[in-house]
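Let me begin by presenting the structure, written as structure tokens, before commenting on it.
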Amino acid sequence: MSFSSSTRPSPSGARGSGKAPVGGPNRLPGGRERRPALAALAVILILLGAAGSALIALRSGDRQDYIAVGSKPIAPGQKISVDDLAKGDLAGKTGGLLPWSTVKSLEGKYSTGWLYPGQFLAKDSTTADATPPGGALVGISLDAGRAPSMQLKGGDILQIIQVPAANQTGGAPSVLVDAAKVMSVSGGIADSKTNANTTLNLTVLVPTSKATALAAAAAAKGLAVVQLPSSTPPDVPPADGAR
């Protein structure tokens, strides 16, 4: 039996039925071809990292220390102590903020509005004048039984009452000041260590029209105070109108 050439499998057909030859159009790049691309990517990443580090170092070098409020808020009109303040650092534009190097200059000044923990102080955050227009500062001294036992603080609001003297009969108490703001405090009703009775000294902000009567009653030891809620508007608002 013989076979014709038309029925005999061709060698080329046999080769075509196999896998595509290496080096075809879909061939992936070899290892040697990938190496330059990876090296270039590595160089770019190194340059970007160096640039980022340089930027961070540059910005950190521009940071400066400024005056901020400490852990407790400062009420409007409160006398400021260095202990009320803390150091905070900032970078970038900080125009108007007070540098930490000037912190001692704020000792004894008064806040012009509410200052909150972490807030940075500006030039208009404090004033050397504690008496806004229409107000007067009056010092009063109180013994045990004439004020709340808890320690009063700057910014508290008090109603000040004139009470009759111990040897006076027929007298009636009267309100001298509806809402006076405490500006500074020293001493206490009781010593914190011995519990012995002491004298509480307050400086309060009151309307000028009531200052004379209040000072006279204070000198005669005829005063008592009642602490009002902190939300009570004072008779004399701060110079900037804040409460």
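Scope of the values below: all heavy atoms of this structure, side chains included, with no hydrogens, waters or symmetry mates.
The minimum heavy-atom distance between Ala172 and Pro164, with the atom names listed, is C-CD, 4.3 Å. The minimum heavy-atom distance between Ile157 and Pro234, with the atom names listed, is CD1-CB, 4.0 Å. Nearest approach of Tyr116 to Pro73, heavy atoms of both residues: CD2-CB, 4.3 Å. Between Ser71 and Pro117, the shortest heavy-atom distance links the atoms O-CG, 3.5 Å. The two residues Gly187 and Leu200 have their closest heavy-atom pair at O-CD1, 3.8 Å. When all heavy atoms of Lys79 and Asp84 are compared, the closest pair comes out as O-OD2, 4.0 Å.
Proximity of a side-chain donor or acceptor of Thr126 to a complementary backbone N or O of Tyr110 within less than 3.5 Å is not detected.
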Tell me which donor-acceptor pairs under 3.5 Å the side chains of residues 211-230 have, and how far apart each pair is, sequence neighbours excluded?
none

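For the pair Leu158 and Leu202, the minimum side-chain heavy-atom distance is below 4.5 Å. Side-chain contact check for Leu137 versus Leu205: some heavy-atom pair is nearer than 4.5 Å. Side chains of Arg146 and Val163 form a contact here, defined as non-hydrogen atoms less than 4.5 Å apart. Between Val206 and Val236, every side-chain heavy-atom pair lies at or beyond the 4.5 Å cut-off.
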*List the steps, then state whether side-chain contact (heavy atoms from CB on, under 4.5 Å) holds for Tyr66 with Trp100.*
CA-CA 4 Å; Tyr66 294 92; Trp100 179 253; 5.9 Å; no
*Take Gln64 and Asp89 through the side-chain contact (heavy atoms from CB on, under 4.5 Å) test and state the conclusion after the steps.*
CA-CA 5 Å; Gln64 297 183 29; Asp89 64 321; over 6 Å; no
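For the atom pair CG (Leu152) and CG (Asn201), the distance works out to 12.0 Å, reported to the nearest 0.5 Å. Here CD1 of Ile160 is found 4.5 Å from CD1 of Ile140. Values are rounded to the nearest 0.5 Å. Expressed to the nearest 0.5 Å, how far CD1 of Ile80 lies from CD1 of Ile67 amounts to 9.5 Å. The CG atom of Leu115 sits 5.5 Å away from the OG atom of Ser125 when rounded to the nearest 0.5 Å. For the atom pair CD of Gln119 and CG of Leu97, the computed distance is 10.0 Å after rounding to the nearest 0.5 Å. The distance from atom OG of Ser81 to atom CD1 of Ile74, rounded to the nearest 0.5 Å, is 9.0 Å.
Under the side chain to side chain contact (heavy atoms under 4.5 Å, CB included) criterion, Asp143 pairs with Thr199, sequence neighbours left out. Every residue two or more places apart in sequence or in another chain was checked for a salt bridge (Lys or Arg N to Asp or Glu O under 4.0 Å) with Asp65, and none qualifies. Under the rule for a side-chain hydrogen bond (donor to acceptor under 3.5 Å, both in side chains), the partners of Ser184 that lie at least two apart in sequence or sit in another chain are Thr203. Remark: Lys72 pairs with no residue by the side chain to side chain contact (heavy atoms under 4.5 Å, CB included) rule, at least two apart or across chains. Residues satisfying the side chain to side chain contact (heavy atoms under 4.5 Å, CB included) test with Lys210, not counting sequence neighbours, are Val177, Asp178, Pro207, Asp235. With sequence neighbours excluded, no residue satisfies side-chain hydrogen bond (donor to acceptor under 3.5 Å, both in side chains) with Ser186.
Residue pairs meeting the salt bridge (charged side-chain N to carboxylate O under 4.0 Å, His left out) criterion with at least one member in residues 107-120: none, sequence neighbours excluded.
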